[in-house]
There are 2 protein chains.
Amino acid sequence: MNQILVVDDDRELRTTLVEVLEQEGLQAVMARSADDALERLQQETFDLILLDLVMPGTDGMTAIPLIRRQAPRTRIIVMTAYASVQNAVQSLQQGADDYIVKPFKIDGLMLTVRLNLQKARFCEETEAADLDKIFNGLANGLRRQTLQLLSRQGQMRFMDLVRALEIEDHTKVNFHLKTLREAGFIDQTSDKFYQLTTNGQRAATCLSYICKSLEASAQARPPIVP
Amino acid sequence: MNQILVVDDDRELRTTLVEVLEQEGLQAVMARSADDALERLQQETFDLILLDLVMPGTDGMTAIPLIRRQAPRTRIIVMTAYASVQNAVQSLQQGADDYIVKPFKIDGLMLTVRLNLQKARFCEETEAADLDKIFNGLANGLRRQTLQLLSRQGQMRFMDLVRALEIEDHTKVNFHLKTLREAGFIDQTSDKFYQLTTNGQRAATCLSYICKSLEASAQARPPIVP
DNA sequence: CTCCCCTGTGAAGTTTTCTTCACAAGGCCA
DNA sequence: TGGCCTTGTGAAGAAAACTTCACAGGGGAG
């Protein structure tokens, strides 16, 4: 059963939303403010949060990173009547997952909700199983470089890889290639070219996402003088 | 020196943009189409790409994930005259980093460009040094759980942590806590509560981002029947 | 005070991961 | 044919990571 939290200061709207969601067979509860929502998050977890941007007290935009911190895997869908491109971009940069404009049709909302629940569910399923593999694959610097090289180049031959990595002992590279192959990250074409598998691409994507998550801290830094 | 790629089918605009960027002391080159841009990416890397959405041939939206794959750490700024909230959201979900609406003022553009270069630079700096630490920290399931717990709870006492993790041998938890402490991910308050440091929060954020990067594959799945 | 829980340390042992070395089959070129 | 490059394999050893065990100080409850 999917737990949904509806956060809106408009009593009528949040009540309606909960009713609609429950009619669709989803479990929903409500919060009247961002602070209220954050307090609820202390006690229980939700699969998805419908978050109004404009609210008295802590506003929605400010709440996004706070929620994200508290519940890293909860989908956050921002709702607002005062939509703008800038606003939408900022919401997503803050960590929201989706953005819908009020007033919305029930069908549109439900489509968005279902899509996001689906993504959340997929995430949960793959997580436990794959995460260990992925981290093991990415735990080694040489393997990370290899994945990135292959991600950029598409496919490479063994010795080109060895030279690109600047490793003298080719058997060392061989060892890590074997590890990557056994983890299902790479395979070989019939003519011995190494390339990423779907999982390998996924792992490579992980790398770049990690980098992205490091960026957040860049905000506080002084601007670059070119 | 920062390398910037301007991708726009409007010859005049892209020429102007390059001139402006160069006046500001940045190095810029241009591409007249997404395919042109992708070809260039084969040979060289860029710190930032200014990408028009509406172009003949491969359109910008389609190009975003292709560019992202080729150059995971290049900042992608989408420019478009046909701006809409939906469009902006989709761009960012595809992997763009920012979104600006045409026509724009030079000052606004430069601000966006500088901000993104700054983030890119930060990313590059931290990457090599911290990535090994982060992956070592995240390589172990128990440590991942610990980081997530602390991220959610804020701070916890030792035995609460042990019980939450459902580990019988408390010294085992102790070992991993020590590892996390030495990696600079957690510290202790004066009254022995464990909590995440800034780096720890960063690492915890990484975890959720990794999950996000796994989601992309969820698109192809059948919808949920509740 | 005594008992028990919390919080921890350090050493010994085990397992996993990584590196290095010895060796070899196949292809290509002179 | 001989020599050299590519692309491996497998074993042995080294290093790192992880687990387990023995022990211990402090604090609170009875």
Side-chain angles (χ1 to χ4, degrees), chain A residues 128-150 153-197 200 203, chain B residues 128-150 153-197 200 203:
Chain A
D130 295 356
L131 228 48
D132 269 323
K133 238 192 223 170
I134 288 185
F135 277 108
N136 184 35
L138 298 180
N140 180 283
L142 207 50
R143 288 202 291 269
R144 284 202 297 278
Q145 281 181 265
T146 305
L147 286 178
Q148 289 181 336
L149 265 172
L150 287 175
Q153 305 289 340
Q155 49 175 228
M156 291 178 81
R157 235 170 315 186
F158 177 68
M159 281 311 287
D160 292 337
L161 210 43
V162 172
R163 277 187 280 266
L165 293 167
E166 297 177 5
I167 305 287
E168 339 68 59
D169 184 0
H170 73 278
T171 66
K172 181 169 167 180
V173 177
N174 222 300
F175 167 81
H176 290 288
L177 284 176
K178 196 200 274 185
T179 308
L180 286 172
R181 204 184 321 141
E182 282 166 1
F185 287 165
I186 60 173
D187 58 9
Q188 273 177 297
T189 61
S190 53
D191 48 351
K192 304 234 172 188
F193 275 83
Y194 284 96
Q195 62 186 9
L196 294 182
T197 60
Chain B
D130 296 355
L131 228 48
D132 270 321
K133 241 191 221 169
I134 288 186
F135 276 107
N136 184 36
L138 297 179
N140 181 281
L142 206 50
R143 286 201 293 269
R144 284 203 297 277
Q145 282 180 266
T146 306
L147 287 178
Q148 289 180 338
L149 265 172
L150 287 176
Q153 306 289 341
Q155 50 175 226
M156 291 179 81
R157 235 170 316 183
F158 177 67
M159 281 313 286
D160 292 337
L161 210 42
V162 172
R163 277 187 280 267
L165 293 167
E166 297 176 8
I167 305 287
E168 338 69 59
D169 184 0
H170 73 277
T171 65
K172 180 168 167 180
V173 178
N174 223 300
F175 168 80
H176 290 288
L177 284 177
K178 196 200 274 184
T179 308
L180 285 172
R181 204 182 323 139
E182 283 166 0
F185 287 165
I186 62 174
D187 57 10
Q188 273 178 297
T189 62
S190 53
D191 48 352
K192 303 236 174 189
F193 275 83
Y194 284 95
Q195 63 186 10
L196 294 183
T197 61

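Chain letters run A, B, ... following the sequence lines, proteins first and then strands; every chain starts at 1.
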Can you measure [X] atom [atom1] to [N] atom [atom2] for me and round it to whole angstrom units?
X        : N      : atom1 : atom2 : result
B:Arg157 : C:dC5  : CZ    : C1'   : 12 Å
B:Lys172 : C:dT9  : NZ    : P     : 19 Å
B:His176 : C:dG8  : NE2   : C1'   : 16 Å
A:Arg144 : C:dT17 : CZ    : C1'   : 15 Å
A:Leu142 : C:dT19 : CG    : P     : 7 Å
B:Met156 : C:dT7  : CE    : P     : 11 Å
B:Asp187 : C:dT7  : CG    : C1'   : 17 Å

For residues B:Gly200 and B:Leu147, report the shortest heavy-atom separation together with the two atoms involved.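 It is O-CD2, 4.5 Å.
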
Considering every strand and a 4.0 Å limit on heavy-atom distances, what is the contact class for B:Phe193: base, sugar-phosphate, or nothing? nothing

For B:Thr171, answer base if it contacts any base atom (sugar-phosphate contacts may also be present), sugar-phosphate if it contacts only those atoms, and nothing otherwise; contact means non-hydrogen atoms under 4.0 Å.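 Since a base atom lies under 4.0 Å of B:Thr171, the category is base.
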
For the pair A:Asn174 and A:Phe158, evaluate side chain to side chain contact (heavy atoms under 4.5 Å, CB included) and give the outcome as yes or no after the intermediate values. CA-CA 8 Å; A:Asn174 222 300; A:Phe158 177 68; 3.3 Å; yes

For C:dT7, does either OP1 or OP2 sit under 4.0 Å from a side-chain N or O belonging to B:Asn174? no

Does B:Gln188 have a side-chain nitrogen or oxygen under 4.0 Å from the phosphate oxygens OP1 or OP2 of C:dT7?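 No, B:Gln188 has no side-chain N/O under 4.0 Å of OP1/OP2 on C:dT7.
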
Quick one: side chains of residues 159-173 of chain A, donor-acceptor pairs under 3.5 Å with protein atoms, not counting sequence neighbours, listed by atom name and distance.
{"residue": "A:Asp169", "atom": "OD1", "partner": "A:Thr171", "partner atom": "N", "Å": "3.0"}
{"residue": "A:Asp169", "atom": "OD1", "partner": "A:Thr171", "partner atom": "OG1", "Å": "2.8"}
{"residue": "A:Asp169", "atom": "OD2", "partner": "A:Thr171", "partner atom": "OG1", "Å": "3.2"}

Apply side chain to side chain contact (heavy atoms under 4.5 Å, CB included) to A:Tyr194 and A:Gln188, showing your working. CA-CA 5 Å; A:Tyr194 284 96; A:Gln188 273 177 297; 3.3 Å; yes

Show every donor-acceptor pair shorter than 3.5 Å between a side-chain atom in residues 176-184 of chain A and any protein atom, with sequence neighbours excluded, or say none if there are none.
{"residue": "A:His176", "atom": "ND1", "partner": "A:Arg143", "partner atom": "NH1", "Å": "3.1"}
{"residue": "A:Thr179", "atom": "OG1", "partner": "A:Phe175", "partner atom": "O", "Å": "3.0"}

Consider the side chain of B:Lys178, meaning its heavy atoms from C-beta on, and name the nucleotide among C:dT9, C:dC18, C:dT20 that approaches it most closely.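 Closest nucleotide among those given: C:dT9.
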
What range of DNA chain D does chain A touch, first nucleotide to last, counting atoms under 4.0 Å from its heavy atoms?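 That gives a stretch of D:dT6 to D:dT9.
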
Starting at CZ of A:Phe135, measure out to CD1 of B:Ile134 and round the result to the nearest 0.5 Å.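 The distance works out to 9.5 Å.
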
Taking only heavy atoms on the protein side, list every residue of residues 159-170 of chain B lying under 4.0 Å from any atom of DNA chain D, sorted numerically. B:Asp169

Check nucleotides 26-28 of chain C for protein N or O atoms closer than 3.5 Å to its own N or O atoms and list the pairs.
none

So, using side chain to side chain donor-acceptor pair (under 3.5 Å) as the criterion, who are the partners of A:Ser190 when residues are at least two apart?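 Expected list: none.
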
Going by the rule side chain to side chain donor-acceptor pair (under 3.5 Å), which residues pair with A:Gln155 if we only count those two or more places apart in sequence or in a different chain? A:Gln195

With a 4.5 Å heavy-atom cut-off, do B:Phe185 and B:Leu196 have their side chains touching?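 No, too far: nothing below the 4.5 Å cut-off.
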
